[in-house]
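Residue numbers start from 1 in every chain, and the chains themselves are labelled A, B, ... in the order their sequence lines are given, proteins ahead of strands.
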Protein chains: 2
Amino acid sequence: MAERSQRGGHSGVSIEDVAAAAGVSTATVSRAVRGLPRVSPATREKILEVAGALGYVASSSASGLATGRTKTIGVLAPFVSRWFFSKAIEGADRELHARHYNLSLFNLGGHGSNRERLFSKTMVYKQIDALLVLCMALTTDELEHLQKIDIPLIVVGGHVEECAYIGIDDYAASSTAVRHLIELGHRDIALLHGDDETDLNFDVPRVRILAFKDVMAGAGLATRPEWDEWGDFTVRSGQEAFRRLWARPGPKPTAIFCASDEMAMGVIFEAARAGVRVPEDLSVVGIDDHDFADAVGLTTVGQRPDEQAELATKMLLDELDGMVGAVQSAVAPHELIVRRTTAPPPS
Amino acid sequence: MAERSQRGGHSGVSIEDVAAAAGVSTATVSRAVRGLPRVSPATREKILEVAGALGYVASSSASGLATGRTKTIGVLAPFVSRWFFSKAIEGADRELHARHYNLSLFNLGGHGSNRERLFSKTMVYKQIDALLVLCMALTTDELEHLQKIDIPLIVVGGHVEECAYIGIDDYAASSTAVRHLIELGHRDIALLHGDDETDLNFDVPRVRILAFKDVMAGAGLATRPEWDEWGDFTVRSGQEAFRRLWARPGPKPTAIFCASDEMAMGVIFEAARAGVRVPEDLSVVGIDDHDFADAVGLTTVGQRPDEQAELATKMLLDELDGMVGAVQSAVAPHELIVRRTTAPPPS
DNA sequence: GTGAAAGCGCTAACAC
DNA sequence: GTGTTAGCGCTTTCAC
């Protein structure tokens, strides 16, 4: 089609060019470059040398067509610039890189819009050997599509019906955070929970709320509806929640449990601005151990999305390598990290 | 190879299956599903219906092999979890998504290690139709590889010799930030500059330093070597720089110009911890307009990596669509955003 | 240990 | 408008 450039040696040099130059057949070149057995050391060396000189790189389309494998796995994410997801992507990439797979990124871009394209149409199917879906709210329709995909699939960070998933025990992690506050002596604890749109399948926020309520009830503490704030996991929503909480007349909580570090930091920044001292006047605890948490001194329950995604990816790849049953659910560790935003309540 | 599942209809249904079921040739199916002309409305409808029922999706390997296009572009990034890069990736994705291209992510993962694999080996070549490289330090060896790639290429956020690139005018942006400080009345201004490993090709830090020195000199202000701190664009390095600055005996600056928001925030967090008030005792200005900048009240020179990458991607795709000369350098806008971390120096 | 040849599933001329 | 027919560049039996 396009004229082949001969100089230098990149562009369209095919296996046939290498075979010709090395005086062997394409079959032998194929074996040699892939490191397969049944090639004599001498020919192998010769071929590799010629291939290198010519700048030969196998066409992924051609080998994909021949083998039925694309050597790339898809990563589905609702955002890439939020902490959890960007870390998870990095983790997945580490494993893929190490095992010579490519990573194809599918960004769903929040709710609504033209999301469905991904699932039904040209994208996902037939381009990837396996799919890693990162924690997010899925519509039932999207779920259905996912279910009928016949490639290895695993989800990280959120429970999706009937799919293998990896993530922390959100109930336990949240309980730990709330218990930390109670042990410090707090009785008036506010809740800043995450998104909970009911038409979407996304358990994480629900579970964290539930844990909060259970632990509070278990400790004989009251939860006040007016201290139950809502956020969407962003810093901004944390700021707004703080403002609403403090604008409201009546008593103030001495502590606040935030369902994510980004929201917790929003609360902290806004508290500072309002002259509310953390932790003297208000204790704040989050979940995640965000990159900024240490710098801010945020007490939190840490998790490692990169390691979760790395493990999930490993399972996917193992399954592709023939290890049936390699893909399976697992619970990832979490850990309370006490820093400087929690303290006993003012006396 | 694997047995074809007939039920439901996903998996390996080929164009031939659709052709047979619709009673037409594969060529017609090909035209129909791609929305090409020269297909009667009736047959087209019939084919689309059959294809839908069978769950037909074209094999990207096969069409890639036939057309020589993979319909995916590669995005090369040194990190994915840092603000600039994650935003840029989102921007690139928007354009790619809109134009039905896939995004293949290549994470170089910092310096050293096994980076070179990407350039020389199986990855980049032959798997993508164009390459978007995100601002980073490249070794001369890597540059050389890039140079000889014969696919459309553009870099975002940093100047790379002989390549089209899109990014802000770093000199002007830095000058703006420093001038803002000077106009506020500051004379004792410290510099927190970024990485500057000399074996790598990465102009951004150098240019920002240069601008700082030029503007200071232009205003007749002295720059002190002991107020020249170094960081690597992370929050942590900003914290450490502040600590070093304040631990040193002698006079303290009244303002600090940071080459990135993340470092600026590190300075702010650490200053708060040390009881140094911002902006009363110390003014801080950054560059970027990071997601957290507004919440923290950080004065900064904003830029939009997502829009830069989106534009760059558009150029790449236009070039692939036959618009020769579509890929060309462009300078992206920046804007001073005055918030609450800068004020006149203490009198 | 090596080669010949038959595909993999699609696209693109070119006929009709 | 639609069908026929070559490939695209690789992998993979199966002979030798």
Side-chain angles (χ1 to χ4, degrees), chain A residues 1-4 9-48 50-51 54-72 122 125-129, chain B residues 1-4 10-48 50-51 54-72 122 125-127 129:
Chain A
M1 199 152 283
E3 42 178 333
R4 306 262 177 91
H10 25 295
S11 172
V13 352
S14 78
I15 199 173
E16 216 151 344
D17 300 333
V18 178
V24 295
S25 72
T26 62
T28 305
V29 174
S30 181
R31 293 185 197 108
V33 297
R34 287 182 300 156
L36 261 37
R38 313 183 118 249
V39 179
S40 79
T43 31
R44 179 185 306 275
E45 187 182 2
K46 171 82 181 267
I47 290 172
L48 258 26
V50 170
L54 261 42
Y56 169 71
V57 177
S59 150
S60 57
S61 295
S63 68
L65 182 54
T67 60
R69 306 298 208 101
T70 61
K71 277 278 208 175
T72 104
T122 132
Y125 302 95
K126 300 267 191 78
Q127 315 225 31
I128 57 181
D129 296 337
Chain B
M1 199 153 282
E3 40 178 334
R4 306 263 175 90
H10 25 294
S11 171
V13 351
S14 79
I15 198 174
E16 217 152 343
D17 300 333
V18 178
V24 296
S25 73
T26 62
T28 305
V29 174
S30 181
R31 292 184 198 109
V33 298
R34 287 183 298 156
L36 261 39
R38 313 185 120 248
V39 179
S40 78
T43 33
R44 180 186 304 276
E45 187 182 3
K46 170 81 182 266
I47 290 172
L48 259 26
V50 171
L54 261 43
Y56 170 71
V57 176
S59 151
S60 56
S61 296
S63 68
L65 182 54
T67 61
R69 307 296 209 104
T70 60
K71 276 280 208 174
T72 103
T122 132
Y125 302 94
K126 301 266 192 78
Q127 316 225 29
D129 297 337

Do you know the tightest heavy-atom contact between [X] and [Y]?
X	Y	value
A/Gly35	A/Arg44	CA-NH1, 3.5 Å
B/Val24	B/Ile47	CG2-CD1, 3.8 Å
A/Leu65	B/Ala62	CD1-CB, 3.7 Å

Given DNA chain C, 5'-ward residue of the pair A/Arg44 and A/Thr26, judged by closest heavy atom =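 Counting from the 5' end, the first nearest nucleotide belongs to A/Arg44.
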For DNA chain C, whose closest nucleotide is more 5', that of B/Ala62 or that of B/Arg31?
-> B/Ala62
How would you label the contact of B/Arg34 with the nucleic acid (heavy atoms, under 4.0 Å): base, sugar-phosphate, or nothing?
->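 Sugar-phosphate, backbone atoms only, no base.
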Which part of the nucleic acid, if any, lies within reach of B/Ser61 when heavy atoms closer than 4.0 Å are counted: base, sugar-phosphate only, or nothing?
->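 Answer is nothing: B/Ser61 stays at 4.0 Å or more from every strand.
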Are A/Thr70 and B/Ser61 close enough that some pair of their side-chain heavy atoms sits under 4.5 Å apart?
-> yes
Check whether any side-chain N or O of [X] sits under 4.0 Å from OP1 or OP2 of [N], and answer yes or no.
X	N	answer
A/Thr43	C/dT2	yes
A/Ser30	D/dT11	yes
A/Ser40	C/dT2	yes
B/Thr28	D/dG3	yes
A/Ser25	C/dG3	yes

Let me know the distance between [atom1] of [X] and [atom2] of [N], rounded to the nearest Å.
X	N	atom1	atom2	answer
A/Ile47	C/dG1	CD1	P	13 Å
B/Arg38	D/dT2	CZ	P	11 Å
A/Ile15	D/dG9	CD1	P	11 Å
A/Asp17	D/dG9	CG	P	9 Å
B/Glu16	C/dC8	CD	C1'	11 Å
A/Arg69	D/dG9	CZ	P	24 Å
B/Glu45	D/dG1	CD	C1'	16 Å
B/Lys71	C/dC10	NZ	P	16 Å

Side chain to side chain contact (heavy atoms under 4.5 Å, CB included) partner of B/Val18, chosen from B/Val33, B/Val50, B/Thr26 =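 Only one option passes, and that is B/Val50.
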Separation between OG of B/Ser60 and CZ of B/Arg69, rounded to the nearest 0.5 Å =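 Result: 15.0 Å between the selected atoms.
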Counting side-chain heavy atoms from CB outward, which of D/dT2, C/dT2, C/dC10 is closest to B/Val39?
-> D/dT2
Picking from D/dG9, D/dG1, C/dC10, which would you name as closest to the side chain of B/Ser14?
->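 Nearest listed nucleotide: C/dC10.
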Backbone N or O of A/Val39 within a donor-acceptor pair of the A/Thr43 side chain at under 3.5 Å?
-> no
End-to-end bend of the helix from C/dG1-D/dC16 to C/dC16-D/dG1 (five-pair axes, 10° rounding)?
->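 Comparing the first five pairs with the last five, the axes sit 30° apart.
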With side-chain contact (heavy atoms from CB on, under 4.5 Å) as the test, would you mind laying out the steps for A/Thr28 and A/Arg31 before giving the verdict?
-> CA-CA 5 Å; A/Thr28 305; A/Arg31 293 185 197 108; 3.8 Å; yes
Considering heavy-atom distances to DNA chain D, does B/Ala27 or B/Leu65 have its closest nucleotide positioned more toward the 5' end?
->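 That would be B/Ala27.
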